[in-house]
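Here the structure comes first, spelled out in structure tokens, and everything after it is commentary.
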Amino acid sequence: MSVGKVIGANERKDGYLQGNGYIVSWCYGHLVGLAEPDSYGSEFKSWGKFPIIPEKWNYAVNKDTRKQFDILKNLMNHIIIDCVICATDAGREGN
């Protein structure tokens, strides 16, 4: 919110701020996490076949943050967006 104030994005929308030619949005919690084991195949549904060490990890959107994830996805894919600036904290959790 303070980034929006500084650059003049003061008009509140659903999940973002807009103004002065900018759109500012935010994340909260974990928008995306590792998918459940059965996403790698039905043999992992019973949690009996471990370890799971896939060549490529599967990810899933957290059900509690789905709305904000969709807002961000739509904003980033909108035709008027030509640049995305990630202004998160420096730690891995922020990125």
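For this chain, numbers begin at 1 and follow the sequence in order. Nothing here was measured: the structure is a model prediction, and the numbers come from that model.
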- Query: Has Y22 got more than 12 heavy atoms of other residues, nucleotides or ligands less than 6.0 Å from its OH?
  - Reply: no
- Message: Measuring from atom CG of L34 to atom CD of E36, what distance do you get when rounded to the nearest 0.5 angstrom?
- Response: 9.5 Å
- Query: Hey, does F69 have a side-chain heavy atom less than 4.5 Å from the side chain of V32?
  - Reply: yes
- Item | Single-linkage hydrophobic cluster, 4.5 Å side-chain cutoff, M76 and I80 together | yes
- What closest approach, in Å, do I7 and N20 show between heavy atoms, and which atom pair accounts for it? O-ND2, 2.8 Å
- Note on the structure: In terms of heavy-atom contacts, I71 and D14 come closest through CD1-O, 3.3 Å
- Item | Side-chain heavy-atom pair S25, K13 within 4.5 angstrom cut-off | no
- How close do V61 and R66 get, heavy atom to heavy atom, and via which atoms? CB-NH2, 3.5 Å
- Note on the structure: Heavy atoms of W26 and Q68 approach each other most closely as O-NE2, 2.8 Å
- Query: Same cluster for I23 and I79 if Ile/Leu/Val/Met/Phe/Trp/Tyr side chains link at under 4.5 Å?
  - Reply: yes
- Message: So which atom in N62 and which in H30 form the shortest heavy-atom distance, rounded to 0.1 Å?
- Response: CB-O, 3.2 Å
- Is N58 reaching over with its side chain to a backbone N or O of S39, donor-acceptor style, under 3.5 angstrom? yes
- From CA spacing to verdict: side-chain contact (heavy atoms from CB on, under 4.5 Å), N74, H78: CA-CA 6 Å; N74 289 333; H78 196 282; over 6 Å; no
- Query: Could you walk me through whether N10 and L17 pass the side-chain contact (heavy atoms from CB on, under 4.5 Å) check?
  - Reply: CA-CA 6 Å; N10 298 316; L17 302 171; over 6 Å; no
- Message: Same cluster or not: V84 versus Y16, using hydrophobic residues (I, L, V, M, F, W, Y) connected whenever any side-chain heavy atoms lie under 4.5 Å apart?
- Response: yes
